[in-house]
Amino acid sequence: MASSQALSIATQRPMEAFLAGSVGGFCSTYLFQPFDVLKTRLQTRPVGDIRLYRLAGEVVRREGVFTLWRGTVPSLFRIVPGAGVYYATLHTVKSFFFPTTPVESLGSTTVVGIAAVSRTLPVVLFLPLTTMKARYESNLYAYSGLRSAIRDVISREGFRGLYSGMTPTLLRDVPYSSLYLLFYTRLKHLVPASLIGTPYESSCRFVFGIFAGVAASTITQPFDVIKTHMQLHSRQRNVFLVVYYLARSDGFLGFYKGLSARLLRRALLSTTSWTIFEQFNSRLKLF
């Protein structure tokens, strides 16, 4: 009886969770796409070669301001449904196993497990678009459109080329989502009781979301560098050889190339997405 009730709760509103996640994914992706372009460019250059703000000025001068939004189409195709799938899966898994327990009250291991399971599916589903996005954002490829880019990759590298960097992408995104949700739900307990239910509560949660995003991004940054390298240089498919190459060429700091841009984008993107989702949640009671 209890399991059938949990199943009923879990399957009631996944589409609403999907739409809430997709709206948050769309807004945050479009707003913060320039940071992703700059991060990719920084990761293709030597360590310490140029600072973030100087690179931004260089890109705008040489290629125009709209270059900062290069790769937006594959990003939207990836993140909008990917965020929807993530939040819908998060809602379904949490509602099935813990239908009456707020996520903030769940144990740390449980929170990490729920987020890991929920993130794995969209990562695998939308990895080809992650590969296309990385190549669009770099200045190493001159694709005229998403369709031509996909055709070129398949003709040169086969379907396997669309899944370049699968392992480091999973090692980046799954721990990131798990750590973000863990840090964020723990930090939410720090909201003063006097602010709960006031307009300042959302501001506190936004700040805590930024902290959670910064911490999770810093921990998972090396996997982002490895993923980008493998997706831009398709012949290098062995993760361990890529790690060895990066360590030899750039040293330890090479694994943190583009960190400033990723901190800005990822922390703001995750926090904006979660803020929008929680606005839906406060009205629809999804999570």
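Small disclaimer: the values here were computed from a predicted structure and weren't measured. Residues: numbered from 1 along the sequence shown.
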Quiz item: Below 4.0 angstrom, N of the basic side chain to O of the carboxylate: do Lys39 and Asp224 qualify?
Solution: yes
Exercise. Decide, yes or no, whether a salt bridge links Glu58 with Arg51 under the criterion of side-chain N to carboxylate O below 4.0 Å.
Key: no
Would you say the side chains of [X] and [Y] form a donor-acceptor pair under 3.5 Å?
X	Y	value
Thr185	Glu104	no
Ser273	Tyr87	yes
Ser164	Gln231	no

How far does [atom1] of [X] sit from [atom2] of [Y], to the nearest 0.5 angstrom?
X	Y	atom1	atom2	result
Tyr30	Ser75	OH	OG	12.0 Å
Thr271	Phe208	OG1	CZ	12.0 Å
Lys94	Thr110	NZ	OG1	11.5 Å
Phe126	Leu129	CZ	CG	7.5 Å
Asp36	Thr29	CG	OG1	9.0 Å
Phe159	Ile154	CZ	CD1	4.0 Å

Exercise. Show your reasoning for whether salt bridge (Lys or Arg N to Asp or Glu O under 4.0 Å) applies to Glu63 and Arg41.
Key: CA-CA 13 Å; Glu63 304 174 51; Arg41 297 291 182 94; 3.0 Å; yes
Exercise. Please assess Val153 against Ile150 for the test side chain to side chain contact (heavy atoms under 4.5 Å, CB included), listing each intermediate value before the final yes or no.
Key: CA-CA 5 Å; Val153 170; Ile150 294 173; 5.9 Å; no
Where the side chain of [X] meets the backbone of [Y], is there a donor-acceptor pair that is under 3.5 Å apart?
X	Y	value
Thr40	Ala134	no
Ser155	Asp152	yes
Lys133	Arg78	no

Quiz item: Please walk me through it: do Val239 and Met230 pass side chain to side chain contact (heavy atoms under 4.5 Å, CB included)?
Solution: CA-CA 8 Å; Val239 175; Met230 292 182 72; 3.9 Å; yes
For residues [X] and [Y]: do they belong to one hydrophobic cluster (side chain heavy atoms under 4.5 Å, members Ile, Leu, Val, Met, Phe, Trp, Tyr)?
X	Y	result
Leu253	Leu263	yes
Leu38	Leu31	yes
Ile226	Tyr244	no
Phe35	Val225	yes
Leu90	Tyr184	yes

Is the shortest heavy-atom distance from the side chain of [X] to the side chain of [Y] under 4.5 Å?
X	Y	answer
Ser178	Pro175	no
Phe206	Thr272	yes
Ile219	Tyr176	no
Tyr86	Leu121	no
Leu162	Thr131	no
Pro46	Lys257	no

Quick check: are there more than 12 heavy atoms from other residues, nucleotides or ligands sitting under 6.0 Å from [atom1] of [X]?
X	atom1	answer
Phe255	CZ	yes
Arg45	CZ	yes
Arg186	CZ	yes

Quiz prompt | Partner of Thr220 by side-chain hydrogen bond (donor to acceptor under 3.5 Å, both in side chains), out of Arg266, Arg262, Arg172 | solution = Arg262
Practice problem: Indicate, with yes or no, if the rings of Trp69 and Phe66 have centres closer together than 6.0 Å. | Solution: no
Quiz item: For the residue pair Tyr245 and His229, is the inter-centroid distance of their aromatic rings smaller than 6.0 Å?
Solution: yes
Quiz item: Could you go step by step and tell me if Val73 and Met132 meet the side chain to side chain contact (heavy atoms under 4.5 Å, CB included) rule?
Solution: CA-CA 10 Å; Val73 172; Met132 293 299 97; over 6 Å; no
Practice problem: Show your reasoning for whether side chain to side chain contact (heavy atoms under 4.5 Å, CB included) applies to Leu259 and Tyr256. | Solution: CA-CA 5 Å; Leu259 177 61; Tyr256 284 87; 3.9 Å; yes
Practice problem: Measure up the Trp274 and Phe277 rings against each other and bin them: parallel (under 30°), tilted (30 to 60°), perpendicular (over 60°). | Solution: perpendicular
Exercise. Report the residues that fulfil ring-ring contact (aromatic ring centres under 6.0 Å, His included) with Tyr200, sequence neighbours left out, ordered by chain and then residue number.
Key: none
Search all heavy atoms of [X] against all heavy atoms of [Y] and return the closest pair with its distance.
X	Y	result
Ala267	Ser217	N-OG, 4.5 Å
Ile50	Leu42	O-CD2, 3.6 Å
Gly24	Ser28	O-OG, 2.7 Å
Leu232	Arg135	CD2-CA, 3.8 Å
Gly84	Phe18	C-CD1, 3.1 Å
Ala115	Ser177	CB-O, 3.7 Å

Self-check item: salt bridge (Lys or Arg N to Asp or Glu O under 4.0 Å) evaluation trace for Asp173 with Arg119
Solution: CA-CA 7 Å; Asp173 288 356; Arg119 178 55 67 188; 5.8 Å; no
